[in-house]
Amino acid sequence: MTEKKTPLLDELETGKWPSFVTEIKRAAVKSEAAGELLQVLERSYAERRGHWKHGGIVGVRGYGGGVIGRYVDEPQTYPNVAEFHTIRLLQPSGWFYNTKTLRTVCDIWEKHGSGLTNMHGSTGDIILLGCKTDQIQPIFDEFSEAGFDLGGSGSCLRTPNCCVGPGRCEHACYDTLEACYNVTNEFMDELHRPMWPYKSKIKFSGCANDCTSSIARSDCSVIGTWRDTLRIDQDAVKEYVANKFDIQEMVCDKCPTKCLSFNAETQELSVVGEDCTRCMHCINMMPKAIRAGKEKGATILIGGKSTIVQSAFMSWVIVPFMKMETEDDFEPFKDLMRRIWEWWDEHGKSRERIGETIYRLGMTKFLQGIEVEPVPQMVFRPRANPYVFWNQDDLDRSGTALDGSKL
Amino acid sequence: MVFKMARGPADPEVKAKVLEYLAKVQKAKSRDVAVAIGATKSDVDNAVKELTAEDLVEYLYITTTFICLKGKVQTPD
Amino acid sequence: MAVLDQGPPHYKKMLPPIVQENYGQWKYHEIPSPGVLKHVAESGATLYSVRVGTPRLVSIDFIRDVCVIADEYCDGFLRWTTRNNIEFLVSDDAKLNPLLEKLEAEGLSVGGTGRSISNIVHTQGWVHCHTPATDASGVVKAVMDDLYEYFNTMKLPAKLKMGLACCLNMCGAAHCSDIAIVGVHRTPPRINHDVIRKGTEIPSLVASCPTGAIRPDPKNKSVIVNEDKCMYCGNCYTMSPGMEIYDPKNDGIAILIGGKTSNARSAPSFSRMVIPFLPNTAPRWPETTEAIRKIIELWIANARKGERVGEWVERIGWEKFFSLAELPFSDMLIDDYIFSRETFRTSASFKY
C-alpha cells in the first residue's frame, strides 16, 4: 500500500481523548480497505460531505437481515472499499466478555474484513465495519461455528439489549441479563426474518434509572420496579449523618413527592410508602441505607422512538407492574409482546413504528386489541374533552329508560 | 441448513401461492401477500422463511423490508 | 455446518467468578475515585470496575490490547457499557492500583463516573453513513478533547450525558441527552436526472419518502420533489444516488439541551434546540466545542448541586437561560412541527 497523506485527519490524533483516526491507521497496517477508508474520510473532511451509498441486496442464506450493504460512491478511485458492508452480531447480555471470546471475534474479522469494529452499535450489537460481498457468507459460517449469530436489521425485531443488571448492580429489580438472553432466543424468527411494518426494539433496564435509555429509544421499554415500600436501614442512615452527608438537602428536598422525612434529632429517615413513585433518587443518593421493596418486577412501556417521522416519542405505560421471573420463562411478558406485535402487524402502515400506529388509531383501540384493561397509571391525567366514542355495550350498561329503570 | 428454533414445516400450498403472487408483482410486504392469497400472515411468514432458505425469495430493504422473487428487483449499485 | 438462529453467546460464560458467586446479591456501590466503581456484595465480596473511554470505532488490535490487560489484571474478564466505555472488572483489590498505573502508562483514559461527562454516544458520520450531515467520530473527538477535564474528575453539578446524531434521523439517543449535537441538512435533495434515469426504480424511490414529497415525473422518466414537504431526512438518497442530500455549504450542526432518560426526581424529557446552526468546520469544529463549553460552564456556575442540565434550565426558566447564555432566540427555535402546541406558553407568568 502506498503511503498517502491525511493532514486533516492527523489533527484528530492530538489531544487527550482516544483517537478513532489512530484506530483506523492501526487497522490500515493490515487491511488495504482500512487504508482506503482513511483516504475517503480525508476527502470527506476536505469536502465536508459523505461518500457512502446504501443499497444492493447483501445477506446470508436463510436470513433477512444482519448485514447492511455499503458502497463507496467512486469505486474506480477506491476499489478496496467499493463494497464495504456492515455485519451485526448479537452481543452477549450486558456486554460481558471473556478475552477468549473477544479474540475469536478479532481473529475471524481479521481474516475476512477490515479489522474495524464498533464496540458497540447504539442498538447493542457488535458491529463489524467493512467487508466485501463475497466474504459475507464465509464470515457468517465461521462466526456461526464459533457460537455467534447475526443481529437484526430492517423491519424486524432489532437486537434487544439490557443494562448490567444483577451482574453488578444493587438496583436491579429483575434479571435483565437473563430476560434479554431468553427473549432474544424466543423471538429468533422475528429478529432474523423481517416481517413487520417497520423496525421494533426492546430494551431491558433493571430500574427506573434506565441505563439503557429504553424509554427514549425502544418500542418496548422494560423498566424494573417494585410494588411495596422501599426499605430503609436506620443504622446506615446514621452512618451517612456521621459522614456529614446532608440528607435533608440532597435527599428529602429533592424527592419529587416529598414522601421522605428526616428527623435531625433522632437521625431517622422515614417514608410514606403510598406517596412514593419509585423514581430512584433517594436510592441513588444513599445506596447503603435505602433499597427497593421486596415485591419486584417491571413496568412495561410502549412506543419509544426517535424523531423520524412523526416526532420523537417516549414510551408510555401499558402494564404498571409485571412479574419478570426466570422460573416461568418470562411467559407473561412474551405473551404480551406477541399480542402487541400481532396488533401492530395487522394495523400498522408501512414504515410506521408501533407508537405512531397507536397514536394514529388511539390508545383505546390498542388496549382493546391487546386485551389490556385501562388503569390510571397509563396516563399523567385524563382527557380534557368530552369526545368519547361510545360503543353499544357502554350505552346498554349506562342508559336508563324514562321511568328510571335500567334499559 | 439447520434452524435451531424451527417452527414446524410450512404448508406447501401456501408456499406455491406465495411464489405465484410474487411472480405477479415487483415486491410486496408479507401482510399484503397474506391478504391477497387468503392465508394467515404467520403462515405466509413461515412459507417465506423456507422459500428464502431455498433461494427462491429474498428480503429487500427499501427503508422498510419487502419480499420479492430472488433477483427480481434491482437495487442501486 | 453453519447453524441458524442460535442466538447470542451465553452471557453466563462471560461472567467473572465473583459475579457468578454474587449474582443478584450486590448490596451497594461507591465511587472511590473518578473512573473507579466499588461494588460490595451481601457476602462482603468487593468488585472494582475501572471505566475507560474508547472512541467506539476501534481496531481489532485495540481489542487485543485490552484483552492482554484484562488477562493480567482481571482474570480475563471485562465488559462494555451502554456508552461505549470499557470496564475492567477487578476482583483482587491488590491488582487495582497496578491496573490503574498500567492504564496510565498505556495512555488509556480512566473516568466517566458520577458527576462527570461520560463518553458521547454517537453514530457513524462520514466514516460509514450514507446520509450524514456532519462527521460523528471527529466531532466527538474534538468535544471530548476540549472537555477532558470533566471526564477524569467529578466536579460537575450532576452527571452529563451527551449524544451525537449525524443527521436529522437522530439515530442513537441524542433526543434525550443533557446536550445533543445533531447534524442537520437544510436543503432538499438535488435531483440528478441522468443518474435516476440510469438505474433507479421510480416506484421504490417514491415510496421511500416518509412525507410523500416525491412524485413520479413520467415525462422525464424521473421524479419531482415538493420542496415544502421535504424534511431533509435523506431516505431518498438511500434509494438512489441521484438524490443528493449532502450540501457542503449548508450542512452543519444544531445543539439541543436538557434531555434525560432517567426517572430520578423528574420524568424523562426531550432535549430542546438552543442553537439551530453551527458550521461544519472540520477537522476540529471550534464553533461547536466553544458553544458546548459555554453552556457547560454556565451550568456549573448556576446549577444547584445534583441538578442536571435540564432540571437547572427548567427551574430558572428557558427565557432566563437564553439571557444568561447570551444566545439569540429566533423563530427557528419555536416548534412548528406536529406536536408544537405543548411547547407554547399558556400562562401569563414568566421572567425576563
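Computed from a predicted model, the values in this text were never measured in an experiment. Note on naming: letters A, B, ... go to the chains in the order of the sequence lines (proteins, then strands), and numbering restarts at 1 for each one.
By the 4.0 Å N-to-carboxylate-O rule, Arg291(A) lies close enough to Glu42(C) to be salt-bridged with it. Under the 4.0 Å criterion applied to side-chain N and carboxylate O atoms, Arg64(C) and Glu110(A) are assigned as salt-bridge partners. Salt bridge Asp65(C)/Arg26(A): present, at least one basic N to carboxylate O contact under 4.0 Å. Ion pairing between a basic and an acidic side chain is recognised when a charged N comes within 4.0 Å of a carboxylate O; Asp246(A) and Lys305(C) show no such pairing. Under 4.0 Å is where a charged nitrogen must lie from a carboxylate oxygen, and between Arg49(A) and Glu244(C) no such pair does.
Distance alone, capped at 3.5 Å, is enough to place a donor-acceptor pair between the Thr82(C) side chain and the Cys211(A) backbone. Counting only distance, with no hydrogens or angles, the side chain of Glu170(A) and the backbone of Trp26(C) share no donor-acceptor pair below 3.5 Å. In terms of modelled atom types and a separation under 3.5 Å, the side chain of Ser306(A) and the main chain of Met170(C) share a donor-acceptor contact. In this structure, Arg79(C) contributes its side chain and Gly94(A) its backbone to a donor-acceptor pair below 3.5 Å. Distance alone, capped at 3.5 Å, is enough to place a donor-acceptor pair between the His175(C) side chain and the Ala216(A) backbone. Side-chain N or O atoms of Asn84(C) include one that pairs as donor or acceptor with a backbone N or O of His120(A) at under 3.5 Å. A donor-acceptor distance shorter than 3.5 angstrom exists from the side chain of Asp149(A) to the backbone of Gln6(C), with no hydrogens or angles considered. Distance alone, capped at 3.5 Å, places no donor-acceptor pair between the Asn98(A) side chain and the Phe77(C) backbone. No side-chain donor-acceptor contact under 3.5 Å links Lys16(A) to the backbone of Met144(C).
For Thr277(A), there are no side-chain hydrogen bond (donor to acceptor under 3.5 Å, both in side chains) partners two or more places apart in sequence or in a different chain. In this structure Tyr11(C) satisfies the side-chain hydrogen bond (donor to acceptor under 3.5 Å, both in side chains) test together with Glu178(A), sequence neighbours excluded.
Using a 4.5 Å cut-off between heavy atoms, His29(C) touches chain A through backbone and side chain atoms alike. For a residue to count as touching a neighbouring chain, one of its non-hydrogen atoms must lie under 4.5 Å from one of that chain's; by this rule Thr81(C) touches chain A with the backbone only. Both the backbone and the side chain of Asn280(C) come within contact range of chain A, with heavy atoms under 4.5 Å apart. Of the two parts of Cys129(C), only the backbone, made up of N, CA, C and O, holds a non-hydrogen atom closer than 4.5 Å to a non-hydrogen atom of chain A. Interface residue Cys209(C): only backbone heavy atoms are found under 4.5 Å from chain A. For Leu108(C), no part lies under 4.5 angstrom from a heavy atom of chain A. Residue Leu47(C) touches chain A through its side chain alone, counting heavy-atom pairs closer than 4.5 Å. Heavy atoms closer than 4.5 Å to chain A are found nowhere in Ile245(C), neither backbone nor side chain. Only the side chain of Leu41(A) has a heavy atom closer than 4.5 Å to any heavy atom of chain C. Of the two parts of Asp107(A), the backbone and the side chain both hold a non-hydrogen atom closer than 4.5 Å to a non-hydrogen atom of chain C. Residue Asn284(A) touches chain C through its side chain alone, counting heavy-atom pairs closer than 4.5 Å. When heavy atoms are compared at a cutoff of 4.5 Å, Ser137(C) approaches chain A by way of both its backbone and its side chain. Both the backbone and the side chain of Thr281(C) come within contact range of chain A, with heavy atoms under 4.5 Å apart. For a residue to count as touching a neighbouring chain, one of its non-hydrogen atoms must lie under 4.5 Å from one of that chain's; by this rule Tyr28(C) touches chain A with backbone and side chain alike. Interface remark: Gln20(C) contributes no atoms to any contact with chain A (heavy atom separation under 4.5 Å). Residue contact with chain A, scored on non-hydrogen atoms closer than 4.5 Å, involves the backbone and the side chain of Val58(C) alike. Only the side chain of Tyr148(C) comes within less than 4.5 Å of a heavy atom in chain A; its backbone stays farther off.
Distance check, rounded to the nearest 0.5 Å: OG1 of Thr99(A) to CG of Leu78(C) gives 7.5 Å.
The environment of Phe380(A) atom CZ is sparse: at most 12 non-hydrogen atoms of other residues, nucleotides or ligands sit within 6.0 angstrom. Heavy-atom neighbours of Lys27(C) NZ from other residues, nucleotides or ligands within 6.0 Å: at or below the threshold of 12.
The two residues Asn263(C) and Cys279(A) come nearest to each other via the heavy atoms O-CB, 3.3 Å. Between Leu129(A) and Leu57(C), the shortest heavy-atom distance links the atoms CD2-CD1, 3.6 Å. Here the closest non-hydrogen pair linking Arg61(A) and Leu4(C) is O-CD2, 3.8 Å.
Across Ser350(A), Gly167(A), Ser122(A), the residue that shares the most heavy-atom pairs under 4.5 angstrom with chain C is Gly167(A).
Considering Leu147(C), Val143(C), Thr54(C), Asn119(C) in turn, Asn119(C) is the only one that fulfils the side-chain contact (heavy atoms from CB on, under 4.5 Å) rule with Trp17(A). With His128(C) as reference, Phe84(A) is the one residue of Phe84(A), Tyr71(A), Phe20(A) to meet the ring pair (Phe, Tyr, Trp, His ring centres under 6.0 Å) rule.
Thr307(A) has its side chain out of reach of Tyr337(C): every pair of non-hydrogen atoms, C-beta onward, lies at least 4.5 Å apart.
Using bins of under 30°, 30° to 60° and over 60° for the plane-to-plane angle, the ring pair His10(C)/Tyr181(A) lands in the tilted bin.
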